[in-house]
Amino acid sequence: MLDIKLIRENPELVKQGISNKNEKDTVDEILAADKERRELVAKVEELKAKKNKVSQEVGKLKKAGEDASDIIAEMGKVANEVKELDEKLREVEDKLNELLMWVPNLPNKNTPIGKSADDNIETKQWLPEGFNFENDFEKMDHVELGKKLNILDFERGAKISGSGFPVYVGKGATLERALINYMLDLHINEHGFTEILPPFMVNAESMRGTGQLPKMADDMYTCEKDGVYPIPTAEVPITNLHRKEVLEEKDLPINYVGYSACFRREAGSYGKDSKGFLRVHQFNKIEMVKFVKPETSYQELDKLVDYATEILEKLKIPYRILQLCSGDLSFAAAMCFDIETWSPAENKWLEASSCSNFEDFQARRASIRYRKTEDKKLDFLHTLNGSGLATSRLMVSLLENYQTPEGKIIVPEVLQKYTGFKIIG
RNA sequence: GGAGAGAUGGCAGAGUUGGUUGAAUGCACCGGUCUUGAAAACCGGCAAGGAUUCACGUCCUUCCAGGGUUCGAAUCCCUGUCUCUCCGCCA
């Protein structure tokens, strides 16, 4: 969430940021609630001070064996008044908090301003040697390939769970697992990340901490009976590892990488890109999460993008990087780069990764601070995360790019030692 | 699912006949004295959040969380969460 002081002192700046993000502007409501809160606080604290002081005197009087019944009666009234005011204060605070929870993070000043995905900026395109956008034979799409080679079974997935729950079969399952292990190993061994295997369900507080709740409630599955949510991304459990903690500056940056299954309801998106892996309710993802000092967070964001794209280059899969414009930025992000891989059968780019800097937005929500070495003061740190990468869309590109004219799949070289086979079909 | 024990500051650990205890003591940490330097010893400092103030400061809140009793609660009552021990059940 945003610092209430920032809103109080720079309302115009905040309004501009919200507007650039196409979100609802509640700044005036917030300012009114904030003012009301402070007035109430002043009032109630004055009364409490009086109450505390007099109550202490009661103690003294009683010790001295004197009568204090008059004062006690009077303080009874004050206590009631305090109770009423406290209640009112709490209502106002709840309201203020709720309002604040719905305010998005502001785009960083270097995030391009724009309305929609059309205004995103392509910052890089990388194509493997010999790659051509013109297919030299007719490419089967990943659904056909999966069926023909019996490595993906979308129909049975739909039978046992519902549409959007893919089943990987035989070498398809092995390939998926190889991809997961390859990516994890690379980040752990080459990029110095610490592996986390997190819980796949979290409580509501965790969801609020990273900003999924309250805004994205409809996009999440819920287990109401137990008050837990299947995670939409490992970002949630991993970032919340340090919720309500104070970290030492010398321990930063902290770099975690974790595998998780990801669960998304994708409410309201039926019919759009819904074929096969293009939009699913459950998929696998490797997620990188960083806890860093504020002054380094933009360098760290570049690193995340580099780490994610390094994998695609090693896999020899064509990709491009998009810098998201303000209007396409997610709720909690201040800056974000999407990485898209090429699908020759769909003839388009597919989002396989998203690397974001949340600055101190999540850290405030989740109360993740660090103690500075120099002056011992506490401050919110910055959090970032990036998919490195999501396997579903990546698998689409992989299968389609690596298919032979005979409809077989060549396993990318770097994955072969993980799969134990070089070809499917 | 049943029975019991516990949750105090960065850590350890006092405090449960309610009253100047935001909290003893030890350790850690920071500053100083001493020392050629270090150690030891000694002296001093050392929570977070909020309101207010140009500032110094003043005040409020916080002893797992949320309610309650009371003029006043770390201390009493209720509920919840977590940890530990035992029984049952299960992978």
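Quick caveat, the model's predicted, so the values are computed rather than measured.
Residues forming a side-chain hydrogen bond (donor to acceptor under 3.5 Å, both in side chains) with T239(A) (at least two apart in sequence, or on another chain): none. Not a single salt bridge (Lys or Arg N to Asp or Glu O under 4.0 Å) links K21(A) to another residue, sequence neighbours left out. Residues forming a salt bridge (Lys or Arg N to Asp or Glu O under 4.0 Å) with D251(A) (at least two apart in sequence, or on another chain): none. When the salt bridge (Lys or Arg N to Asp or Glu O under 4.0 Å) test is applied to K408(A), no partner is found at least two apart in sequence or on another chain.
Legend: salt bridge (charged side-chain N to carboxylate O under 4.0 Å, His left out) pairs involving residues 305-316 of chain A, not counting sequence neighbours, sorted by first then second residue: K124(A)-E313(A), E310(A)-K314(A). The stretch residues 3-12 of chain A participates, sequence neighbours left out, in these side-chain hydrogen bond (donor to acceptor under 3.5 Å, both in side chains) pairs: R8(A)-D34(A). Judged as a salt bridge (charged side-chain N to carboxylate O under 4.0 Å, His left out), not a single pair has a partner in residues 163-177 of chain A (not counting sequence neighbours). Within the structure, side-chain hydrogen bond (donor to acceptor under 3.5 Å, both in side chains) pairs that include any residue of residues 103-114 of chain A comprise N108(A)-Y298(A), N108(A)-E359(A) (at least two apart or interchain). Applying the salt bridge (charged side-chain N to carboxylate O under 4.0 Å, His left out) test to residues at least two apart or on different chains, the pairs with a partner in residues 196-219 of chain A are E23(A)-K215(A), E205(A)-R243(A), E205(A)-K244(A).
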Is there any protein nitrogen or oxygen under 3.5 Å from a nitrogen or oxygen in nucleotides 64-71 of chain B, and what are the pairs?
{"unit_1": "G67(B)", "atom_1": "OP1", "unit_2": "R90(A)", "atom_2": "NH1", "d": "2.2"}
{"unit_1": "U69(B)", "atom_1": "OP2", "unit_2": "K83(A)", "atom_2": "NZ", "d": "3.1"}
{"unit_1": "C71(B)", "atom_1": "O4'", "unit_2": "I72(A)", "atom_2": "O", "d": "3.4"}
{"unit_1": "C71(B)", "atom_1": "O2'", "unit_2": "S55(A)", "atom_2": "OG", "d": "2.9"}

Write down the protein N/O and nucleotide N/O pairs, taken from nucleotides 8-10 of chain B, whose separation is under 3.5 Å; answer none if there are no such pairs.
none

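Using modelled atom types, one finds a donor on one side chain and an acceptor on the other under 3.5 Å when comparing Q16(A) with N20(A).
Between the NZ atom of K250(A) and the P atom of C29(B) there is a distance of 12 Å, given to the nearest Å.
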* **Per-nucleotide protein contact string for nucleotides 47-59 of chain B (B base, S sugar-phosphate only, - none; heavy atom under 4.0 Å)** => -SSBSS------B
